[in-house]
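Report on the structure given below.
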Amino acid sequence: GPLVALLGLIGGFLTPALIHTEHPSALSLFGYLFLLHVGLTLVTRSRHWQWLAALTVLASQAWVLLWMITEPWSAADGQILGFFVLLSAFAVLGASAWEESEEQVSRADLAWARGLSYLALLIGLALSAALLSRSHFSNTEWAFLGLLSAACFVLAGLRAAYEPLAWAAAALVWIMLANAGQDVPATGVPRLAVILSIFGAAFSLASYGMLWRPAASVRWAALSVISALGYSLLAYWILPLPPRPEVWACLPVGVAVVYAALSVPIYQRRAALRDGEDILDTLVTGALTALAIAPPMAFEHATLTAVWSLLVPLSVAVARRLRLHGPWILLLLVGAIVGIRLVINPFVLTYDTGPSLWWNPIVWGYLPSAAALFVAVALIWHWRRPTDKVAEDKVDSSTIAAFLEITGCLIVAAFATVFTHLIFHPDSLGTTAIPFHERIALGNVWILLGMLMIALGDWLRRLRSETL
């Protein structure tokens with residue numbers, strides 16, 4: 001009965017602790033524990049003693065933790081422990097698959113089987129990460145962690161209930177790579193770059209591959225995009241900068257190009273996929289987000305803001321032509337950032353304007369940004385449909401157009417003010433002294449600007465009336 005099995009479990013796992021040797025052997029100990037683990041797993045699963053199966057998993061993995069605490073580290077022992085963690089998890093997965101494949105399985109037994117799979121893989125991932133850290137991030141331990149992560153993805157692909165395991169594996173590997181990059185020597189940088197590239201590409205492409213299953217979920221598209229962007233940012237964070245730091249901008253631009261290409265077959269089959277519209281929305285928004293990440297790696301100050309502003313009309317065009325929701329949210333965020341950087345950013349007064357009055361960061365930062373926002377507004381009204389809504393919060397595209405229009409007007413007003421100040425103080429833009437004649441000039445500029453804004457508003461209203 002279960003009581004006898006419990007006594008056998010306790011005796012089996014306590015026996016190694018009662019045997020003292022001067023030279024403990026990891027191979028002998030964990031070979032014995034693996035056989036005991038497999039035997040108890042098969043017996044408890046065949047007799048449906050679920051709680052004993054859970055105790056078996058906990059007891060066998062506790063020996064790995066005990067060995068790591070009490071014994072000095074060696075690479076050979078680390079490999080044995082890694083194999084034990086990996087094979088023990090696979091044994092539990094096999095027993096759980098056996099349970100789930102039975103024709104008549106109760107809901108409680110099914111829940112226990114999945115719970116044991118979660119327990120085995122989560123503990124396995126945690127111990128594999130601990131072994132990886134203890135080994136100072138050796139290639140062998142990276143391989144063990146990669147195999148367990150692959151098991152998580154395979155299991156998640158077979159059963160939607162296991163999808164959180166894929167997210168957990170991707171997040172854990174990201175954390176371990178971040179730790180590995182903290183104190184990496186110069187000679188270890190190429191190896192770390194290769195490992196990071198392998199894991200980032202594997203998680204991104206494996207998640208994308210899951211989208212072609214009949215019951216594919218939009219969550220796989222989200223995991224693919226987040227993995228690509230997350231591992232790209234991690235590379236920028238932990239790897240040394242090249243002689244020309246702006247070269248890093250090629251990485252997110254490359255991600256954007258890849259996801260734009262990967263979106264094409266989804267676009268062609270989005271009606272046939274269960275979450276086809278949402279999947280396409282996620283992939284395209286991910287590509288645009290990658291483009292938004294690139295400018296800070298290559299530009300700064302006014303140039304960065306001007307390049308960012310170009311994403312606003314691009315997002316409008318993509319959202320309109322493909323009838324997507326995500327790009328609207330992105331363009332709102334980018335438009336707000338552009339407005340904040342140009343309207344209420346005091347550091348604008350510290351920019352080096354150089355010798356030219358007509359070609360300086362003030363001119364190329366403000367005017368292209370305002371023009372981009374107004375172009376976006378024109379595109380919104382040009383492709384306007386009366387039924388257009390943005391996401392589930394029912395934000396009408398006219399509200400977004402009004403926001404961009406107001407932001408653009410504020411940017412123009414800020415430019416006129418700053419540029420007038422620059423005319424009177426070409427060598428000291430940051431001065432707070434405003435003489436009387438400059439105030440008179442500012443008043444005239446604002447009056448002229450108001451007249452121009454009224455004319456622009458009339459043109460936009462005519463454009464709006466033609467499209468409604």
Side-chain angles (χ1 to χ4, degrees), residues 6 9-10 12-14 16-17 26 29-45 49-71 73 77-100 110-135 137-138 140-156 158-159 161-177 179 199:
L6 176 61
L9 184 151
I10 295 173
F13 282 108
L14 285 181
L29 172 62
F30 289 98
Y32 162 78
L33 290 174
F34 177 70
L35 295 176
L36 179 63
H37 174 88
V38 172
L40 287 172
T41 299
L42 293 176
V43 171
T44 54
R45 299 306 301 147
W49 296 334
Q50 290 88 349
W51 58 279
L52 280 176
L55 287 178
T56 300
V57 174
L58 293 174
S60 61
Q61 303 305 316
W63 269 104
V64 178
L65 185 61
L66 182 63
W67 183 277
M68 292 174 59
I69 294 173
T70 59
E71 297 296 329
W73 176 261
D77 290 348
Q79 295 177 9
I80 294 172
L81 268 62
F83 272 115
F84 175 78
V85 170
L86 182 67
L87 296 178
S88 298
F90 285 172
V92 174
L93 294 180
S96 298
W98 171 24
E99 181 79 18
E100 294 188 49
L110 182 61
W112 268 103
R114 291 178 176 175
L116 284 172
S117 296
Y118 266 94
L119 181 66
L121 280 174
L122 290 177
I123 292 179
L125 286 171
L127 289 176
S128 184
L131 290 170
L132 176 63
S133 180
R134 188 75 183 275
S135 70
F137 305 99
S138 69
T140 303
E141 301 301 335
W142 277 120
F144 287 134
L145 182 58
L147 289 173
L148 280 173
S149 300
C152 292
F153 270 76
V154 171
L155 200 59
L158 296 174
R159 298 283 190 277
Y162 295 114
E163 284 183 14
L165 287 174
W167 287 83
L172 179 62
V173 172
W174 190 95
I175 293 172
M176 298 309 298
L177 283 166
N179 290 334
F199 276 110

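In this chain, residues are counted from 1 in sequence order.
The minimum heavy-atom distance linking T70 with L66 is given by the pair OG1-O, 2.8 Å. The two residues W73 and S135 have their closest heavy-atom pair at CZ2-CB, 3.4 Å.
Residues F30 and V64 form a side-chain contact, since some pair of their non-hydrogen atoms from C-beta on lies under 4.5 Å apart. L36 is not listed as a side-chain neighbour of L9, based on a closest heavy-atom distance of 4.5 Å or more. By the 4.5 Å heavy-atom criterion applied to side chains, W67 and L33 are not counted as neighbours. Side chains of L148 and V85 form a contact here, defined as non-hydrogen atoms less than 4.5 Å apart. N179 is listed as a side-chain neighbour of F137, based on a closest heavy-atom distance under 4.5 Å. Counting heavy atoms from C-beta on, the side chains of S60 and F13 come closer than 4.5 Å. With contacts defined as side-chain heavy-atom distances shorter than 4.5 Å, the pair L121/L93 qualifies. Here the side chains of L6 and L55 are in contact, with some heavy-atom distance below 4.5 Å.
The list of salt bridge (charged side-chain N to carboxylate O under 4.0 Å, His left out) pairs with a residue in residues 50-62, not counting sequence neighbours, is empty. The salt bridge (charged side-chain N to carboxylate O under 4.0 Å, His left out) contacts involving residues 113-132 comprise E100-R114, where partners must be two or more places apart or lie in separate chains. Pairs of residues two or more places apart, or lying in two chains, never qualify as salt bridge (charged side-chain N to carboxylate O under 4.0 Å, His left out) while including a residue from residues 79-93.
With hydrogens and angles ignored, the 3.5 Å screen pairs a side-chain donor or acceptor of Y32 with a backbone N or O of G12.
Annotation for F83: atom CZ does not count as buried by contact number, only 12 or fewer foreign heavy atoms lying within 6.0 Å.
Ring orientation note: the planes of W142 and F199 are tilted relative to one another, at an angle of 30° to 60°.
Using a 3.5 Å distance cut-off with no hydrogens or angles, the side chains of S117 and S96 do pair a donor with an acceptor.
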